[in-house]
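Below, read A as the first sequence line, B as the second, and so on, with proteins coming before strands; counting in each chain starts at 1. For clarity, every value in this text was computed on a predicted model and none was experimentally measured.
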Amino acid sequence: MSKEKMQSIEEKWQKRWEEARIFEADADPSRPKIFVTFPYPYVNGDGHLGHLYSQLHTEIYARYKRMKGFNVLFPQGFHATGQPIVAAARRIREGDPKYIKILKTYGFSDEEIKEFGDPRKWIKTFSERWKNALHRMGFSIDWRRSFHTTELNPPYDKFVRWQYNKLREKGFVVKGTHPVVWCPIEKIPIGDHDRKDEYAGIGPEEIVVIKFKMADGTVIPTGTYRPETVYGVTNIWINPDNEYVIAEVDGERWIISEWGAEHLKEQQHDVKIVSKIKGEELVGKGVKNPVTGKEVPILPASFVDPDVATGIVMSVPAHAPYDWIALEDIKKDKETLEKYGIAEIVEKIEPISLIEVEGYSEFPARDAVEKYGVKSQKDVDALEKATDEIYKKEFYTGKLKEIYGEFAGRTVQEVKEDMIKRFKETGAAITMWITPVPIIDRAGHKCLVKIVENQWFLKYSDEKWKEMARETLKTTKFDPEPDARKAVEHTIEWLHDWACTRDVRSSLGTKLPWDDSQYIESLSDSTIYMAYYTIAHYLQNAEKCGINVDALDDAFFDYVFYGKGDPEEIAKRVGTTRDVIESMRREFEYWYPVDLRSTGKDLLQNHVTFSIFHHAAIFPGKHIRRWTANGWVLLNGQKMSKSSGNFITIIQAQERWGADATRFAEAYSGNVTLEDANFDTTIADAMLEELPRWMEFVRKWYNVGTSEYRDIDRWFESKVNRIIKEVDREYEALNTRNIVNLAWFEFWRVVKYYLRRTMNVPNKRVFSKALEDWVKIMAPVTPHIAEEIWHEVFGKESFISLERFPEADEEKIDERTEKTEEYVQRVVEDIREIMKLARVEKPKRVVVILADEWKYDAFGKVREMLENGERNVGKLMEVIPPEHRKEVAKIVTSAVKNPKRIPEVIGTKEEEKRALVEAKTFIEAEVGATTEIVEHYDHPKAKNALPFKPAILVE
RNA sequence: GCGGGGGUGGCCGAGCGGUCAAAGGCGUCGGACUUAAGAUCCGAUGGGCGUAGGCCCUGCGCGGGUUCAACUCCCGCCCCCCGCACCA
């Protein structure tokens with residue numbers, strides 16, 4: 001069967017399912033329900049195999065549960081909140097070739113690409129493409145309930161506003177300030193999407209500015225990450241070649257780099273620039289250390305960067321490699337010393353040792369400078385390494401010396417926070433936000449860090465809220481357990497307040513109900529939206545239901561979700577009937593909470609945890625019941641990446657392999673773990689051939705065979721039922737790789753062996769039933785071919801998608817029969833092995849000689865004793881009849897070393913013989929020689945026979 | 001750095017105190033079938049030895065340790081993936 005044929009079969013069933021509306025689920029209190037969701041994807045591009053992998057967990061579970069008799073709801077919406085789409089649309093408007101090229105590779109015409117200047121075009125196009133891709137993958141989604149986010153979808157927008165009003169009422173949304181990377185020219189926050197690529201991922205960092213003072217009170221601010229070393233300052237470094245500004249800062253006179261002054265302006269300080277001053281003018285002047293009161297000189301150094309912090313730094317040569325080497329440099333630099341007349345001052349400078357570190361001298365900076373071979377302050381790479389090493393060592397393990405007074409004896413780690421607090425309180429320091437390196441935005445503007453004031457936070461630090469979140473975990477299942485749970489538990493503890501709003505000028509979303517300058521940020525608007533699915537088919541078709549979207553208010557949602565208020569009155573206000581309002585309420589009550597949500601491991605630390613918090617706050621008791629997290633999907637063992645070309649979208653996969661082969665290969669990629677899964681294209685290639693072949697195989701063998709019921713049929717039924725039982729468990733656990741291993745590979749193995757073993761004469765009833773069960777247990781993974789076989793081969797009228805998943809018949813699982821068959825297989829293997837060793841390729845005959853009667857009982861006991869740990873040969877020999885002890889002494893002795901030597905006694909001699917006789921034809925076919933099964937034989941080797949380990953003669 | 005997850009044969013992967021030279025898949029090799037190729041079926045697949053179904057060595061990132069016994073537990077180290085906040 002060709003690929004095209006497969007794809008047309010798939011299309012046929014997708015259409016039939018759609019026409020029969022079998023995936024459209026409505027509340028039905030007479031049936032148990034399952035509600036599954038997958039996070040709505042962000043629609044700035046096509047989905048890929050990684051998305052599909054997580055989604056398939058949801059999809060397979062939905063199909064499995066449907067076949068288990070549940071009323072299953074699987075909806076899917078789309079996410080458009082945030083910056084990327086807005087940024088992309090803007091770049092299209094600006095004619096950015098990179099973005100135009102991206103759209104060209106999707107195959108859009110030049111004319112159409114222009115339309116992508118409008119964010120709405122992105123949302124519409126890519127949500128449709130997503131929908132189409134999932135549809136063609138055969139996903140059992142109720143598309144009536146689909147929607148996209150942001151204020152471009154008014155009913156959803158209303159829902160999010162309701163949610164935020166609720167959170168605010170409960171005190172979980174609070175106002176605060178927050179540092180952001182900010183463009184001072186355009187006056188907007190600069191996120192990653194607004195920056196040149198090399199600046200992505202860099203965020204604001206808080207530093208301490210120590211206020212050294214000149215005799216006239218002028219502040220010389222020095223920025224530092226290590227304020228604790230202020231006790232060891234020997235001098236101040238300033239860059240003599242730079243221009244600084246003299247400014248009024250909060251009523252004081254400061255000398256600071258211009259860029260530093262700009263920062264302070266944006267960080268809630270009152271800054272007026274008065275005049276300028278060259279760095280060199282300050283060289284040689286003295287300033288007072290505000291913490292120790294000590295007078296130190298200002299010295300010149302070239303490494304000081306005016307674009308970082310205040311453009312002035314303090315010098316702690318004992319503990320900072322940069323300072324150590326700069327001091328060395330200047331001591332040798334006669335010219336400079338002379339120029340500024342500072343030779344005498346420099347001469348007197350001695351490093352001050354502050355922190356004791358094991359393995360280092362009193363001046364760790366010197367040690368590190370020597371270790372990394374730093375020659376001058378221009379050896380930046382080596383200096384960075386040296387600094388990094390010293391900082392870590394001192395921070396975690398160093399002990400503060402006596403000079404620290406009350407802080408002495410502690411580690412930096414322990415006292416740093418307190419120290420900063422103290423410095424701020426005494427006016428010795430302030431804190432300031434900077435970027436570690438200057439950031440340039442797309443327009444080429446240099447960005448600084450601004451503290452924005454109308455910033456709203458979700459108060460995840462709130463202990464009450466945390467406690468509510470923790471509480472819900474008790475009744476939440478995580479897969480993989482406990483890995484995923486641990487990640488979430490940890491996040492709950494450490495999560496602090498989350499800035500949940502964005503400037504409306506750079507984003508897209510739902511406006512904060514009480515501040516329309518802000519959009520609710522993308523992770524913060526997608527926490528409880530699964531509830532919206534339960535009523536989405538009404539609200540997204542508002543007109544049809546007579547609902548006036550404009551009139552939707554908090555009272556409306558209060559009724560639907562909480563049952564509060566008068567439905568009659570609310571219905572009237574929103575323009576619809578009480579009936580509609582009440583059925584929405586019923587939908588929510590019936591479907592909620594979500595039973596399964598599958599997601600990527602990266603979301604555990606944010607999105608999943610947020611969702612847990614928000615459910616605890618808004619839908620107490622109705623939190624999501626089960627989360628699964630999975631790793632990334634590698635493609636043929638390599639990381640997927642667009643740029644390397646090792647990348648396959650869902651649509652491409654469908655075109656290449658169709659739905660079922662792709663689904664199969666995805667399922668086979670991995671189980672539910674946080675490790676990365678691996679999509680193997682050779683599997684998908686193979687399955688494209690294998691699945692149609694499967695259908696032909698089933699066709700060939702369906703309703704064929706004998707009505708005689710043999711031991712081997714019992715064996716087959718046992719195997720099949722065991723697989724069904726195990727695969728059922730794996731479906732519930734969503735270990736898709738195990739599912740495929742059992743339902744496909746293991747089942748094939750059993751079927752093939754059964755046919756070989758029965759000389760291609762299966763039991764008609766048993767085999768046909770097994771074939772039906774087989775197709776059913778594969779149906780959630782490969783639903784199209786299953787449906788095709790169900791109808792075309794089995795001639796059924798119903799949809800297999802709605803058939804009952806087979807129940808394993810425990811009675812039929814028969815350990816003894818399985819062991820007996822393993823025994824037969826072992827005999828065949830042994831005969832072959834002996835033929836090989838005896839170099840007999842075509843034996844005239846094979847004689848299988850059973851053990852003497854007495855051995856069955858005796859060796860049964862020996863085996864049992866060995867299993868119980870008995871290793872004493874004498875004790876073991878006691879169960880051997882005295883007259884036989886001599887002949888078995890050797891085997892018993894060797895069994896002590898290796899208990900495997902004694903085979904398990906599965907039954908009586910009678911039964912052993914019966915098994916062999918029954919399998920005689922098969923054995924002969926396998927070994928290619930007539931085989932005699934005898935109870936006694938006059939040959940020296942005959943006495944080697946053990947129960948279920950017959951002696952074998954190849955002649 | 002912190003937190004979470006990992007490192008098993010040619011590859012993908014199971015195993016998570018003994019029954020492990022290690023399931024299953026892929027690949028490779030040999031055989032059957034075929035005019036041939038493909039598909040299919042059967043067998044082999046760490047190394048060595050064996051005219052009797054067996055035995056020996058090496059082996060689960062590296063180095064130590066616990067234990068009668070370790071891929072599995074503990075300690076140290078190296079490497080890889082994810083998250084660390086305004087990014088969806």
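Here K836(A) does not reach the OP1 or OP2 of A52(B): none of its side-chain N or O atoms lies under 4.0 Å away. Within the structure, every side-chain polar atom (N or O) of K601(A) is placed at least 4.0 Å from both OP1 and OP2 of G3(B). The phosphate of U40(B) (OP1 or OP2) has a side-chain N or O of R693(A) nearer than 4.0 angstrom. Side-chain N/O atoms of Q83(A) include one lying less than 4.0 angstrom from OP1 or OP2 on C87(B). Side-chain nitrogen and oxygen atoms of K949(A) include at least one within less than 4.0 Å of the OP1 or OP2 phosphate oxygen of G54(B).
Among the protein residues, L523(A) comes within range of the nucleic acid bases, having at least one heavy atom under 4.0 Å from a base atom. Counting any heavy atom pair closer than 4.0 Å across all strands shown, N678(A) reaches sugar-phosphate atoms only and no base atom.
Between C80(B) and U28(B), the distance separating the two C1' atoms is 28 Å to the nearest Å.
A residue-by-residue look at E955(A) and P41(A) shows that E955(A) has its nearest nucleotide of RNA chain B further toward the 5' end. Along RNA chain B, the nucleotide nearest to T682(A) and the one nearest to A484(A) differ in position, and the one closer to the 5' end is contacted by A484(A).
A 6.0 Å sphere centred on CD of E206(A) holds more than 12 heavy atoms belonging to other residues, nucleotides or ligands.
Rounded to a whole Å, the CG atom of N606(A) is 14 Å from the P atom of C87(B).
The residues E696(A) and R693(A) are annotated as not salt-bridged, no charged nitrogen and carboxylate oxygen being separated by less than 4.0 angstrom.
Under 3.5 Å, the side chain of R832(A) and the base of C42(B) form no donor-acceptor pair of N or O atoms. Contact of N741(A) with G24(B) (side chain to base): no donor-acceptor pair of N or O atoms is detected under 3.5 Å.
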Starting from the C-alpha separation in whole Å, work towards a yes-or-no answer on ring-ring contact (aromatic ring centres under 6.0 Å, His included) for Y40(A) and H79(A).
CA-CA 6 Å; Y40(A) 42 32; H79(A) 199 205; 4.6 Å; yes
